[in-house]
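Position 1 is the first residue of the sequence; numbering continues from there. Since the structure is predicted, the reported quantities are computational estimates derived from the model, not experimental observations.
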Amino acid sequence: MMLILILLITGFSLFYTFKKRKPQLLVLPFLFLFIYFIVEIALVPAPFIDTIKFIFAIG
(Lines give C-alpha, C1' and ligand atoms only; values in the text may rest on other atoms or scores of the structure.)
Protein backbone atom coordinates (compact mmCIF):
# COMPACT_ATOMS: atom_id res chain seq x y z
CA MET A 1 0.00 0.00 0.00
CA MET A 2 2.71 2.47 0.98
CA LEU A 3 4.79 1.54 -2.06
CA ILE A 4 1.89 2.43 -4.34
CA LEU A 5 1.42 5.75 -2.53
CA ILE A 6 5.13 6.56 -2.81
CA LEU A 7 5.10 5.71 -6.52
CA LEU A 8 2.01 7.87 -7.08
CA ILE A 9 3.56 10.84 -5.29
CA THR A 10 6.77 10.41 -7.29
CA GLY A 11 4.87 10.15 -10.57
CA PHE A 12 2.78 13.18 -9.71
CA SER A 13 5.91 15.16 -8.86
CA LEU A 14 7.70 14.18 -12.06
CA PHE A 15 4.67 14.91 -14.24
CA TYR A 16 4.01 18.35 -12.78
CA THR A 17 7.72 19.20 -12.68
CA PHE A 18 7.96 18.76 -16.44
CA LYS A 19 4.53 20.25 -17.15
CA LYS A 20 4.81 23.35 -14.95
CA ARG A 21 8.63 23.62 -15.14
CA LYS A 22 8.92 23.87 -11.35
CA PRO A 23 11.80 21.73 -10.09
CA GLN A 24 10.77 22.48 -6.49
CA LEU A 25 8.10 19.80 -6.86
CA LEU A 26 10.83 17.15 -6.91
CA VAL A 27 11.25 17.73 -3.18
CA LEU A 28 7.83 16.18 -2.44
CA PRO A 29 8.84 12.48 -2.67
CA PHE A 30 11.85 13.04 -0.41
CA LEU A 31 9.79 15.05 2.05
CA PHE A 32 7.13 12.33 2.12
CA LEU A 33 9.73 9.61 2.76
CA PHE A 34 11.31 11.64 5.56
CA ILE A 35 7.94 12.18 7.25
CA TYR A 36 7.06 8.50 6.81
CA PHE A 37 10.39 7.51 8.37
CA ILE A 38 9.80 9.75 11.40
CA VAL A 39 6.25 8.43 11.86
CA GLU A 40 7.44 4.81 11.72
CA ILE A 41 10.10 5.55 14.34
CA ALA A 42 7.50 7.24 16.53
CA LEU A 43 5.27 4.13 16.36
CA VAL A 44 7.93 1.95 18.01
CA PRO A 45 6.86 1.34 21.62
CA ALA A 46 10.36 2.10 23.01
CA PRO A 47 11.30 5.69 23.92
CA PHE A 48 12.17 7.81 20.88
CA ILE A 49 15.81 8.50 21.82
CA ASP A 50 16.46 4.81 22.58
CA THR A 51 14.98 3.86 19.21
CA ILE A 52 17.22 6.35 17.39
CA LYS A 53 20.29 5.05 19.27
CA PHE A 54 19.34 1.46 18.35
CA ILE A 55 18.87 2.30 14.68
CA PHE A 56 22.27 3.98 14.39
CA ALA A 57 24.01 1.33 16.53
CA ILE A 58 23.01 -1.40 14.03
CA GLY A 59 25.32 -0.04 11.30
Side-chain angles (χ1 to χ4, degrees):
M1 177 67 183
M2 286 306 295
L3 178 63
I4 294 171
L5 184 61
I6 292 169
L7 290 174
L8 284 173
I9 290 173
T10 303
F12 165 80
S13 295
L14 285 173
F15 177 75
Y16 279 104
T17 295
F18 290 120
K19 185 174 181 177
K20 303 282 186 182
R21 303 221 185 263
K22 291 185 177 182
Q24 300 89 350
L25 292 173
L26 292 176
V27 173
L28 288 177
F30 294 105
L31 182 66
F32 178 77
L33 286 174
F34 179 73
I35 292 170
Y36 176 72
F37 181 71
I38 296 297
V39 168
E40 286 297 316
I41 290 174
L43 290 176
V44 174
F48 186 75
I49 298 299
D50 292 339
T51 305
I52 298 296
K53 288 179 184 177
F54 175 73
I55 289 171
F56 288 108
I58 290 175

Quick check on the hydrophobic clustering: are V44 and I55 connected, directly or via other members, by side-chain heavy-atom contacts under 4.5 Å? no
Side chain to side chain contact (heavy atoms under 4.5 Å, CB included) assessment of I58 paired with F54: CA-CA 6 Å; I58 290 175; F54 175 73; 3.6 Å; yes
d(L28 CG, T10 OG1) to nearest 0.5 Å is 9.5 Å
Can you check side chain to side chain contact (heavy atoms under 4.5 Å, CB included) on F34 and I38, steps first, answer last? CA-CA 6 Å; F34 179 73; I38 296 297; 4.1 Å; yes
Same hydrophobic cluster for L8 and M2, using side-chain heavy-atom links shorter than 4.5 Å among ILVMFWY? no
Same hydrophobic cluster for L26 and F18, using side-chain heavy-atom links shorter than 4.5 Å among ILVMFWY? yes
At what distance, to the nearest 0.5 angstrom, does CZ of F15 lie from OG1 of T17? 10.5 Å
Do F48 and F56 belong to the same hydrophobic cluster, where Ile, Leu, Val, Met, Phe, Trp and Tyr are linked whenever their side-chain heavy atoms lie under 4.5 Å apart, directly or via other members? yes
From I41 CD1 over to I52 CD1, what is the distance, rounded to the nearest 0.5 angstrom? 4.0 Å
Check whether any side-chain heavy atom of F32 lies under 4.5 Å from a side-chain heavy atom of L5, and answer yes or no. yes
Strictly distance-based, threshold 3.5 Å: is any side-chain N or O of S13 a donor or acceptor partner for the main-chain N or O of L25? yes
If I take atom CG from residue L3 and atom CE from residue M1, how far apart are they, to the nearest 0.5 angstrom? 11.0 Å
Out of curiosity, does L43 fall in the hydrophobic cluster containing I35 (side-chain heavy atoms, cut-off under 4.5 Å, transitive links)? yes
Value for OG1 (T51) from CD (E40), rounded to nearest 0.5 Å, stands at 12.0 Å
Y16 OH to Q24 CD distance, which is reported to the nearest 0.5 Å: 16.0 Å
